[in-house]
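A quick write-up on the structure given underneath.
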Amino acid sequence: MQSQDNASASGKKTIIEPKVLKGFRDSLPAQEIKKKEIIHALERNFSSYGFVPIDTPVLEYTEVLLGKGGGETDKQIFRFLDNGGREVAMRFDLTVPFARFLALHKNEIVFPFKRFHINKVWRGENPQKGRFREFMQCDFDIVGVDSPSADYEILSMMRSSFDLLGLGNVTFHVAHRGLFNAFLEHLGVSDDSVEVLRTVDKLRKIGSEAVRSQLTDLTGSVEKADDILAYINPKESDGFLARLERLSELAGNEQEHTHRMRTIYSLLEAAGIASQFVLDPSITRGLDYYTGIVYETFLDDLPSIGSVCSGGRYNDLASLYTKDRIPGVGSSIGLDRLLSALEELGSGILTEGSSADVLVVVMEESLRPWYHSVGDALRKLGIRCDVYLADKKISQQFKYAESNHIPFALTCGSDEHDAGTFTLKDLRTRETCSGLSLQQVAQRIRKD
RNA sequence: GUGGAAGUAGUUCAAUGGUAGAGCCCCAGGUUGUGGUCCUGGUUGUUGAGGGUUCGAGUCCCUUCUUCCACCCCA
């Protein structure tokens, strides 16, 4: 604003186009308030399980993020030389930095260690529906212990998280990577296991027939392709345990992983939440570091959006950075995708994002000091209070409140000032109540 | 990275190759010790950007950017 004079003095001012980068976006208050609400709800839930928050730097050494292999040119990560000539990269997930974090701080951490991490990550891939170059990820993991209890607790926390977001209609599809690998070994195709896993992972997307032909190409055998399809397509009628037994048989009566899954399931049953968990052997997760249980989460009311929370057990994640073996199990919520799902489903959890509980209307400019003191008094009573800051007509002030979804207005003039009473107006019903004390005002607002 | 569609006011959309418009929003004013109606007036555009064809381009052609959709990929 101040620069306008300078600009006119020097003729035309050059305007810089206020654009944002491809795949990046601003978040306006209406959006940001909702996002923060979700995050707070999740944080409260995680804390209630004894999880603690951590953070890691946005930038890491490129070699740390890419790992030793680092051969793949496709890695779509933001990387550059910093001013000191260091090769740096922006984190593309929260898991790899966490592994580095564990290796570095393993002696300062008490295991089992339960942490959550909600923050932004960056990937340079092409943006499309629900996929951006900058997005929020929400990770929660238990490391330092390889037990069914830990596996169960992550699942339990996933369920309670969706429940408290008003998304009770979710189904968790779980499988076991170790069991699947045992099956592939039994079948004699373990050499191609990574490719097979990736192909199987596409089942939901490209369908049975396409997967079958791809598997045939991959294994060079129609029989083997059909065997794999038989593994990943369980009978509809079978329940969790019946499916598990069948998978175990197909894997040559595999015992260890089968037993683990049985134990996890019994924990889910004991908690009374087993019905929301489906054994779905087609879930593999494309990532190759998973070794145990893996899972993806689908909204029953909006399956088209895909998985909104996925993860699994990895028993050698930190091995890139330390000789110590640090087992872990964790899960990750795609917050942006979840938020768009909540909006599409019209979830009641998302309020309209009010900036304050009450607006103190400035009826008379001369009373402005008093209005400010009333605001302070209400804040001390725990009320979010907005005192109108400009010199505008009352109608404008009401419009301001409406635009910001502020539910109440305090409309007091000299009469109230002299009498020491307050008039509160409910802006939604337009009901006005006069002669209130400040405590009564706070009480009415709180009751809302 | 590959392919398809689309970009016009803050927003939603118009405009046979012939002067860029409307609704909503926004702003100012009128009326009112308390805003939803009403009245008056007003702002808003390098038609995403750059080039070309044409007497003339929002419209046709090329390039580029962005968005959306699909593929690839998803550590």
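The sequence lines fix the lettering, A, B, ..., with proteins before strands; numbering per chain opens at 1. These values consider heavy atoms only, across backbone and side chains, with no hydrogens, waters or symmetry-generated copies.
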Expressed in angstrom and rounded to an integer, what is the separation of [X] atom [atom1] from [N] atom [atom2]?
X	N	atom1	atom2	value
A:Lys392	B:C27	NZ	C1'	9 Å
A:Leu197	B:C73	CG	P	14 Å
A:Gln396	B:C25	CD	C1'	14 Å

Identify each atom pair where a protein N or O and an N or O of nucleotides 66-68 of chain B are less than 3.5 Å apart, giving names and distance.
| residue | atom | partner | partner atom | Å |
| --- | --- | --- | --- | --- |
| B:U67 | OP1 | A:Gly23 | N | 2.8 |

(request) Identify whether any heavy atom of A:Tyr289 sits under 4.0 Å from a base atom; if not, whether one sits that close to sugar-phosphate; answer base, sugar-phosphate or nothing. (result) sugar-phosphate
Give me the distance, rounded to whole Å, that separates [N] from [M] when you measure between the [atom1] atoms they each carry.
N	M	atom1	answer
B:A57	B:U19	C1'	14 Å
B:G58	B:U53	P	16 Å
B:U46	B:G10	P	8 Å
B:U16	B:U12	C1'	24 Å
B:A70	B:C13	C1'	27 Å
B:A9	B:A22	C1'	11 Å
B:G7	B:U40	P	35 Å
B:U63	B:A6	P	15 Å

(message) One character per nucleotide, please: for nucleotides 31-41 of chain B, 5' to 3', B when the base has a protein heavy atom closer than 4.0 Å, S when only the sugar-phosphate does, - otherwise.
(response) B-BBBB-----
Tell me if a side-chain donor or acceptor on [X] pairs with a main-chain N or O of [Y] at a distance below 3.5 Å.
X	Y	value
A:Thr62	A:Val88	yes
A:Arg91	A:Lys120	yes
A:Arg337	A:Val308	no

Between the protein and nucleotides 1-8 of chain B, which nitrogen or oxygen pairs are less than 3.5 angstrom apart?
| residue | atom | partner | partner atom | Å |
| --- | --- | --- | --- | --- |
| B:G1 | O6 | A:Asn126 | ND2 | 3.2 |
| B:U2 | O4 | A:Asn126 | ND2 | 3.0 |

Does the side chain of [X] reach to within under 4.5 Å of the side chain of [Y], using non-hydrogen atoms?
X	Y	result
A:Val170	A:Phe298	no
A:Asp316	A:Ile326	no
A:Glu134	A:Val121	no
A:Phe98	A:Asp139	no

(message) Just to verify, which of A:Phe422, A:Trp370, A:Tyr371 counts as forming a ring pair (Phe, Tyr, Trp, His ring centres under 6.0 Å) with A:His417?
(response) A:Trp370
(request) Please identify each residue that fulfils ring pair (Phe, Tyr, Trp, His ring centres under 6.0 Å) with A:His117, with sequence neighbours left out. (result)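 None.
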(message) Restricting to ring pair (Phe, Tyr, Trp, His ring centres under 6.0 Å), what partner residues turn up for A:Phe51, sequence neighbours left out?
(response)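 A:Phe51: no ring pair (Phe, Tyr, Trp, His ring centres under 6.0 Å) contacts found.
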(request) Please check if the distance between the ring centroids of A:Tyr388 and A:Tyr400 is under 6.0 Å. (result) yes
(request) Establish, yes or no, whether a centroid distance under 6.0 Å links the rings of A:Phe140 and A:Phe116. (result) no
(request) Before giving the answer on side chain to side chain contact (heavy atoms under 4.5 Å, CB included), spell out for A:Asp82 and A:Glu87 the whole-Å C-alpha distance, their side-chain angles and the decisive distance to 0.1 Å. (result) CA-CA 7 Å; A:Asp82 74 3; A:Glu87 291 244 17; over 6 Å; no
(request) May I ask you to establish whether A:Lys106 and A:Phe111 are in a cation-pi arrangement, using a distance under 6.0 Å from NZ or CZ to the six-membered ring centre and at most 45° from the ring axis? (result) no
(request) Check RNA chain B for consecutive Watson-Crick or G-U pairs with both distances under 3.5 Å and list the runs of at least three as stems. (result)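 Output for stems: B:1-7 with B:65-71, B:10-13 with B:21-24, B:26-30 with B:38-42, B:48-52 with B:60-64.
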